Each structure stands twice: as structure tokens, then as C-alpha cells.
Amino acid sequence: MTFSEGHVEADGVRIRVMEAGQGTPLVHLHGAGGPRVTRAHELLAAHFRVVAFEMPGFGQSPENTRTRTMSELAATMARATEQLGLDPFNVMGTSFGAKTALWLALQAPARVLALVLESPAAIRPSGSELPSGPPEEMARRLFAHPERLGAIPMPDPAVQAKTRPLVQRLRGPDRDAELERRLPGLTAPTLVLFGTRDAVIPPTMGHFYKELISGSHLTFVYDAGHAIGAERPEAFTEVVVDFLERHEAFVISRTPTVIHP
Amino acid sequence: MKVSFFETARYRAPQDLPAEWPVPSGVYDPETGAQAYQDMIERLQFVEELGFDWVSVSEHHYSPRILTPSPMVSASYIAARLQKIRIALLGPIVPQSNPVRVAEELAMLDTLAQGRLVVGLLRGTTNEYLTYDLNPAEARERTDEGMELILKAWTEPQPFGWQGRHFQYRTVSIWPRPLQQPHPPTYALGVSRESCEFAARNRIGCGVSYGPFEAVGKATRYYREQCARHGWEPSPDQIVYRANMALGETDDDAHALLRQQPDRAPFALRPGVRDAFMKLDARNIAGEARAPLRSGALPTTFIGGPDTIIEQIRRCRDEVGAGVLDLSLLPPGWGDRDLLMRKLELFGTKVLPRIRDI
């Protein structure tokens, strides 16, 4: 599955978009490390029209000194989805981008079909630092088993330096009272995923989302680190697809166990 | 008529609980749970003293309503603490278990309990499909295959392999085998055509529950017809009927008690899950389709003072053919401890001695 690249204008900035697949749109908002097409994106594109944005200030885009809050970034991304004519759509947010996704779903409830939060960083233990360091150190923070993954593309140090102030500015406090006050009003069916070996955000943060978002679901992906979709793409994709297709009825198994007919 | 008391361990939550299934584990209070199990033993000692024939336990998960997720554990503990009463394990949810493991544990339990075990095997209620990710489309056939494998594991003297649809083993040869030979009294539990046919084909008992006499009677009638087709006739002991009873000193008293009881299912499934189950799960009474989920509380089929209740039991014997009643005297988790003890005493002294010849 190859992702094609395009651009869209929103709030006066040019936003890069990577796209593959057909069907109901699935918008992906990346983590603080910037956009990266993983095996999970490819697997998801077999079921959905996957639209992975490069949010302003990340990846190849110019430095973003304009966006002041996560809620503003979400509004920009909502406008980008409008420009692409996506309506309605699913949203998947990863880590930092999960918080953007939450704001987007709160701002445009009628447009969001369902929400997937991969290792969300919207609620953190107090004193959480952004992961940083040389590539080997970053790999150990992001993956439970970096040794199994072969070459891991790590962000360019220059890109990291460019995005760090933006991430620091937008990620908000460890417990964001304004966001948490609004989460009980979130209407989109929501699935929260954590890897059991997440070394960036402790998976024990998961229950806060369950408590705050009525009817939400929490799933632990065994033996995955922070980058679940990159590390255990099949396990991640199976539950995400099932949830996006069936929402809360995804709790009913449809896995066949026939050995011999 | 034989009588069984359906024991649910009666967890009485110290605070209001979320009304949804599953109920979050975080709101469970360990001390209250410990007290519930202690009360259970005290209650069952009284049940034994009163002369009940069996105490039954069931398998239910993720809810305070019936605090016995592992019927093997509850039955073992009860068997160790009581001396005479039979322990009816009604029953392990077969489609979500390893059938060989079930056969081994039940054989071990029957032996430990010195042959006091009664076994019911079942598919399980619809919500339980969510517990261990059971595919509703496969639940029936996994149940049938699992039940057959359990019976085979108990009775086949030579090591054997099993090339099933859903289960596969190269070698099965269980130790111990049950103390009761060839196996403990065993029931296929359920009103479905498939369950009745399985029971008839395998010459085991049939267990029905909660429906009015007319509905469950349809199932037991079908079971007896099928038994006849297979060339045998079940004894009254081979039909067990689990039911709710509202017993009072008088009829008025019983109706007043019933009015106080909740008329809704306490921990409902979410609407999206419920709707999906209505489409995905298929249930029937002796072949006639019925909804997989109920909207309200389970019905109470015996209501009245002792004389009325005895008359209803007589009618049940005629219409359902049941020789064993498995009774709840108060809804699980509702009403205080002492109220249930008083109901047990009333039943044990005013009803039980008068229904033995029914």
C-alpha cells in the first residue's frame, strides 16, 4: 500500500497530507515526533481512507510560532479536514496528537464518527518530561523491543529542535483542568489504547480516560511500547478496525474458533 | 419433590453501584466481599440443617449480583465446610472453558466431596459471551461439543484423541475419574431444542429455569419426547427447575414482598451491545424462537403463603415434570441477611416437610 502525498490550505498554512485507501475517512494526528507512515497505517488503509496529516510546525513544515494552544491547533486541523471535504470521519490521535484529537472531537462533535487515542498524552503523571536524547535512547523510550524492529527512522535533530518549543507550548499541563472539565461532554465513541510497556506515558493513565469519557473503552496492547502501531501493528489494527466498524458492539467477539469444519 | 437452594454469595454493596454491566472492579469493596462469603457459609449451614437436598452455585462474571465467577472454587469451599448436602454446580459455562479441564476439576471435586456432586452444563447467559470473548455464532456448537467431550473424558477407559470442530486434543486420559460412577448426576441446562436433544441423546438430566410453567413445561415435554425417541424415560429427579419464590406467612405478605423487589435488571448492557446481541444471538424454547435478552428482572413463579406455594409446587410437578426445585427466596443482592434467614426458616419448616411426597 503506497501513500500518496498532497497538500491542503488551512488558516493560511500549507499542510502536507499522506493518503491511502478507500471508504470512511480515518484522520490521523501524529505524535510529538512528527508524521510517520507505519505498518499500522498500511493495514488500516485496507479498511479506511487513511488521511495522515503533518500538523503545522512538524516534520518538513516550517517552524510554527503562531499556534498558541492545543485547542487552536485542533481548530486548524478541523479546517484542514473541511478543506478536504471529509465529513463525517474517524479520528485517530497518537500521544501528543491524541490531545489534538480530543479537542477536535469536542469542537466538531457532529463531524466525528469515533475517536481512537493511541498512547494518549493528554493526561500525564506530574512532572512528565518530553522524551529526548540520542536515537538509541529515544528508541528505548518509544519501543518495548527496538531490537526486533530493524532500522527505526528517528527524527532529524534539526526537526526536533524546531518542534520542541511548539510541543512544550501546546502540550499543556500534566493535568489539563479545562480539557478534563469538557471530556464528560465528549459524545464520540472513544477507544483508548496503551502498550503494556509504554515508557513515555504510564499505561496506568488509561483509567482516567475511562472515568472521564462516558462509555469509552480502554485496551492494553501486550508487550508494546509507546509507539503501538509501529511495534505491534497487527494487534493494534485489528482492535482499531473492529471498534471503528462496530463501536461499542465491538466487545462481542466475531473471531471464529473452528479448527475443522 | 427435592429442593435445592441457589446460593449467590450475596454481595451487599456499601455504596450505590454503577448500573451498567460490566461493573468496574474498582468499586468492589474487599471487606464487604469477605463478609459475603462468611455469611454464605453460615447461611448454608442453616440450609443443610433445614434439610434442603442440594445447594447450587452458578458461574457469572464481572458483577456484584452473583459473586461466584468460579463455580469450581465456590463448590469446593462449600463442599469442605458442609457435611451432608449435595453440591450442585449449575454450571460451568462450557463454551468458554477447556472441556478437559472442566472434566478433571469436576471429577476431582466429586471425589473430594465424597460423591456429593451434581453437575449442570450450559451455554451461559448472553452477557457472559463478553467475559472471555465467545463468538455468539459459535456458542451453541462449542457448548454441545464441549459437553460431549466432558462426558467422554469421564467415561472412556483408554487414552483417546479428540478431533472436534472447536476442540482438538491428541491425548485425553483424566485422573481422577469421578467417585460417582460412571459420573455424577449430570444435566444439560437450558430450554433450547439443542440442549433438550443433547440431554436426551446422552441420557442425562434436563434443567430449565425462570420461565412460567407453561414455557419451561414446553421444554421439558420436548425433552421427554426426545428421551422416548432414544428409548428411555427420565426419572423426576432428572428434571430440575430453577425459579424465584416469594414466600410469605400469608399470600398478602408474599405479594407485598414481591412489590418491594426491583423489577428491572440491575446491571444492564449498553444499548449498542444489547441491540447487537439481539441480532447475533439466537435462542429458543424447544425450537420456538425467543429474545436472547430480557428487558426486566427475572420472573417470580412461586408466590404466596405456605399453602398456596405447596399448591403451586404440586402444579409445577404436573405441568413441568420437575422433581427438583432450585430456589431463590430473595433476588441476589437484595434484602438483608436476616430476612433471607427468616425466609429459609419459613420454607424449611412450613413448606419443605409438606412437599416430600409431591
Side-chain angles (χ1 to χ4, degrees), chain A residues 24 88 90 109 112-116 123 183-184 186-194 202-222 234-261, chain B residues 18-27 61-62 93-99 124-146 149 161-170 268-282 292-293:
Chain A
T24 310
N90 294 303
V112 174
L113 292 166
L115 192 57
V116 173
I123 300 173
L183 285 183
L186 187 68
T187 51
T190 301
L191 173 66
V192 177
L193 297 123
F194 272 100
T204 49
M205 294 295 106
H207 72 88
F208 291 113
Y209 298 90
K210 266 299 276 183
E211 284 157 16
L212 289 164
I213 306 169
S214 161
S216 63
H217 297 269
L218 171 64
T219 295
F220 294 110
V221 179
Y222 169 69
E234 296 82 4
F236 175 80
T237 306
E238 191 274 336
V239 67
V240 168
V241 170
D242 197 10
F243 177 74
L244 292 178
E245 285 180 357
R246 297 196 289 160
H247 296 170
E248 66 185 3
F250 90 124
V251 297
I252 303 170
S253 170
R254 53 180 179 183
T255 309
T257 66
V258 173
I259 304 169
H260 309 293
Chain B
E20 240 172 56
W21 193 98
V23 184
S25 311
V27 297
H61 298 266
Y62 302 172
I93 302 177
V94 172
Q96 62 186 26
S97 309
N98 173 341
T125 52
T126 297
N127 59 298
E128 302 297 352
Y129 294 171
L130 302 176
T131 317
Y132 300 151
D133 272 32
L134 181 63
N135 180 342
E138 296 187 336
R140 182 70 252 165
E141 52 182 52
R142 285 179 65 90
T143 306
D144 287 351
E145 185 181 336
L149 177 50
W162 185 268
Q163 201 72 355
R165 282 205 178 81
H166 296 277
F167 302 103
Q168 177 170 306
Y169 300 85
R170 286 289 183 259
L269 293 171
R270 289 187 59 84
V273 179
R274 190 186 165 80
D275 292 350
F277 267 141
M278 286 297 196
K279 295 192 195 94
L280 291 169
D281 193 23
L293 293 161

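Owing to the predicted nature of the structure, the values given are computational and were not obtained by experimental measurement. Throughout, protein chains are lettered first and strands after them, A, B, ... in sequence-line order, and every chain is numbered starting at 1.
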Practice problem: Let me see the working for B:Val273 and B:Leu130 under side chain to side chain contact (heavy atoms under 4.5 Å, CB included), right down to the final yes or no. | Solution: CA-CA 10 Å; B:Val273 179; B:Leu130 302 176; 4.0 Å; yes
Quiz prompt | Contact winner vs chain A - B:Ala137, B:Pro24, B:Gly164, heavy-atom pairs under 4.5 Å | solution = B:Gly164
Self-check item: Interchain contact, B:Glu138 with chain A, by part (heavy-atom threshold 4.5 Å)
Solution: side chain
Exercise. Name the region of A:Pro189, side chain, backbone, both or neither, that has any atom closer than 4.5 Å to a heavy atom of chain B.
Key: neither
Quiz item: Centres of the A:Phe194 and A:Phe220 rings: under 6.0 Å?
Solution: no
Exercise. Could you tell me which portion of A:Thr255 (side chain, backbone, both or neither) has an atom closer than 4.5 angstrom to a non-hydrogen atom of chain B?
Key: backbone
Quiz item: Would you call B:Asp275-B:Lys279 a salt bridge at under 4.0 Å N-O?
Solution: no
Practice problem: Evaluate the criterion side chain to side chain contact (heavy atoms under 4.5 Å, CB included) for residue pair B:Leu269 and B:Glu20; output intermediate values, then yes/no. | Solution: CA-CA 6 Å; B:Leu269 293 171; B:Glu20 240 172 56; over 6 Å; no
Quiz item: For B:Glu141, is it the side chain, the backbone, both or neither that has a heavy atom under 4.5 Å from a heavy atom of chain A?
Solution: side chain
Quiz item: B:Pro271 versus chain A, heavy atoms under 4.5 Å apart: side chain, backbone, both or neither?
Solution: both
Practice problem: With A:His260 as reference, evaluate B:Gln163, B:His166, B:Arg165 under the side-chain hydrogen bond (donor to acceptor under 3.5 Å, both in side chains) test and give the passing residue. | Solution: B:Gln163
Quiz item: For A:Val241 and A:Phe236, what are the C-alpha separation, side-chain angles and deciding distance, and is it a side chain to side chain contact (heavy atoms under 4.5 Å, CB included)?
Solution: CA-CA 9 Å; A:Val241 170; A:Phe236 175 80; over 6 Å; no
Exercise. With a 4.5 angstrom heavy-atom cut-off, could you sort out which part of B:Arg274 is near chain A: side chain, backbone, both or neither?
Key: neither
Quiz item: Using a cut-off of under 4.5 Å for heavy-atom pairs, which of A:Ile252, A:Val258, A:Val251 has the most such pairs with chain B?
Solution: A:Ile252
Quiz item: Distance from B:Asn135 atom CG to B:Asp281 atom CG, nearest 0.5 Å?
Solution: 10.5 Å
Practice problem: Let me know if B:Phe167 has heavy atoms under 4.5 Å from chain A in its side chain, its backbone, both or neither. | Solution: backbone
